Amino acid sequence: MGAFDELVTYDKGTYIETDTGNKVSRQATIVGATNIVLGGKSIIQRGAVIRGDLRRSAAGQHVVISMGRYCIIGEDAVLRPPGKMYKGAFTFYPVRLADFVNVGPRCIVEAASIGHGVEIGEGSVIGKFAILKDLARVLPNSVLPDGAVVPPLTVWGGNPARLVGALPETWQETVEARCKGFYGRFRTA
């Protein structure tokens, strides 16, 4: 987060950089890319799986996964839309990630909505249709149950995850600085 933080380097050929500054690993699995919207300056790391192909069966194009700016999807993380039976048919629902969302390595996320400045710790599982409000934090290796609602400025942890603490009102600046700092340090070797 400071001027002396180590650079995170990668080989130039291992990532694709878009016009809007998104950096997507060639070793990430992006399925249904036409149904995924990246807001800009986001990083999708090696081994991440993003399932844009899991969408409603109605005709036409549908945005299944929408990510804001400065989002980080960690190594081997899985991001997929939640699904359930509706009127006798199984259907998937879109998922929205706001700006400055950090999904740690090896997470599995099936949330309905992830708010601004949310941090999801390494190895966590976010259940179907969970709603994580702005500036929430999920500790590493936590399991958030299906349909859970995480209030703003709270810390959740454990299996099943429960409220374990609160965050200061300055947390927004901290999270934004972390995401911008990581993006700035993530450079070609």
Side-chain angles (χ1 to χ4, degrees), residues 1-3 5-8 10 15-25 28 30 36-50 52 63-82 94-127 130-140 142 144 148-157 161 163-187:
M1 210 162 76
D5 288 345
E6 281 188 45
L7 292 177
V8 180
Y10 61 91
Y15 277 79
I16 299 167
E17 189 164 352
T18 67
D19 293 340
T20 56
N22 297 306
K23 297 176 183 180
V24 181
S25 172
I30 312 292
I36 300 169
V37 175
L38 302 178
K41 296 190 176 182
S42 292
I43 299 171
I44 300 174
Q45 295 182 319
R46 177 183 57 79
V49 178
I50 300 182
V63 175
V64 175
I65 297 174
S66 174
M67 293 173 49
R69 299 179 69 231
Y70 290 103
C71 290
I72 301 165
I73 307 298
E75 292 183 0
D76 301 316
V78 177
L79 180 60
R80 61 182 173 225
V95 60
R96 165 106 174 95
L97 282 71
D99 299 337
F100 302 102
V101 172
N102 186 350
V103 177
R106 292 174 297 287
C107 289
I108 299 173
V109 178
E110 289 188 81
S113 175
I114 299 176
H116 179 91
V118 170
E119 282 190 356
I120 301 172
E122 179 177 347
S124 294
V125 177
I126 307 300
I131 297 173
L132 288 80
K133 303 280 186 166
D134 294 347
L135 305 170
R137 184 172 183 210
V138 178
L139 297 177
S142 298
L144 196 64
V149 177
V150 176
L153 295 170
T154 57
V155 180
W156 288 61
L163 180 64
V164 295
L167 295 166
E169 296 209 9
T170 58
W171 186 245
Q172 180 172 350
E173 290 83 14
T174 303
V175 169
E176 290 179 8
R178 281 185 189 172
C179 289
K180 285 181 178 179
F182 184 80
Y183 182 86
R185 292 189 327 270
F186 195 77
R187 301 181 185 170

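The structure displayed is predicted, hence computed values, not measured ones. No hydrogens, no waters, no symmetry mates; every other heavy atom, side chains included, goes into these values.
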Using 0.5 Å steps for rounding, measure from the CZ atom of Phe100 to the CZ atom of Arg178. 13.5 Å
Once salt bridge (charged side-chain N to carboxylate O under 4.0 Å, His left out) is applied, do any residues pair with Arg69, and if so which ones, sequence neighbours excluded? none
Quick one: closest heavy-atom pair of Val64 and Pro81, and the distance? CG1-CG, 3.5 Å
Which pair of non-hydrogen atoms, one from Val138 and one from Ser124, has the smallest distance, and what is that distance? CG1-OG, 4.0 Å
Hits for side-chain contact (heavy atoms from CB on, under 4.5 Å) against Lys133, two or more places apart or cross-chain, chain-then-number order -> Ile131, Val149, Pro152
Rounded at 0.5 Å granularity, tell me how far CD1 in Ile108 sits from CG in Asp76. 10.5 Å
Does Val37 offer a backbone N or O that forms a donor-acceptor pair with the side chain of Ser66 under 3.5 Å? no
Residue set satisfying side-chain hydrogen bond (donor to acceptor under 3.5 Å, both in side chains) with Arg187, at least two apart, ordered chain then number -> none
Please report the closest heavy-atom contact between Tyr183 and Lys41, naming both atoms and the distance. CD1-O, 3.4 Å
side-chain contact (heavy atoms from CB on, under 4.5 Å) with Val101: which residues, sequence neighbours excluded? Cys71, Leu97, Val103, Ile114
Restricting to side-chain contact (heavy atoms from CB on, under 4.5 Å), what partner residues turn up for Ala148, sequence neighbours left out? Leu144, Pro145
Nearest heavy-atom neighbours spanning Ala136 and Pro151: CB-O, 3.8 Å
Value rounded to 0.5 Å, distance of SG in Cys179 from CD in Glu119: 6.5 Å
Write down the atom of Ser142, the atom of Trp156, and the distance for their closest heavy-atom approach. OG-O, 4.0 Å
Excluding sequence neighbours, so at least two apart, what forms side-chain hydrogen bond (donor to acceptor under 3.5 Å, both in side chains) with Asn22? Thr18, Thr20
Excluding sequence neighbours, so at least two apart, what forms side-chain contact (heavy atoms from CB on, under 4.5 Å) with Ile16? Arg26
Applying side-chain hydrogen bond (donor to acceptor under 3.5 Å, both in side chains), can you list everything that pairs with Gln172, at least two apart in sequence or on another chain? Glu176
Pairwise distance CD1(Ile120) to CD1(Ile72) - rounded to 0.5 angstrom: 12.0 Å
Which heavy atom of Ala111 sits nearest to which heavy atom of Ala130, and what is that distance? CB-O, 3.3 Å
Find the distance between CD1 (Ile73) and CD1 (Ile44) and round it off to the nearest 0.5 Å. 6.5 Å
Who passes ring pair (Phe, Tyr, Trp, His ring centres under 6.0 Å) against Phe182, sequence neighbours left out? Phe186
Ser25: what forms a side-chain hydrogen bond (donor to acceptor under 3.5 Å, both in side chains) with it, not counting sequence neighbours? none
Who pairs with Arg46 by salt bridge (charged side-chain N to carboxylate O under 4.0 Å, His left out), at least two apart in sequence or on another chain? Glu75
Decide yes or no for Val24 and Leu38: does some side-chain heavy atom of the first lie under 4.5 Å from some side-chain heavy atom of the second? yes
Do the side chain of Asp134 and the main chain of His116 share a donor and acceptor less than 3.5 angstrom apart? yes
Sequence neighbours left out, what passes salt bridge (charged side-chain N to carboxylate O under 4.0 Å, His left out) with Glu110? Give chain and number order. Arg80
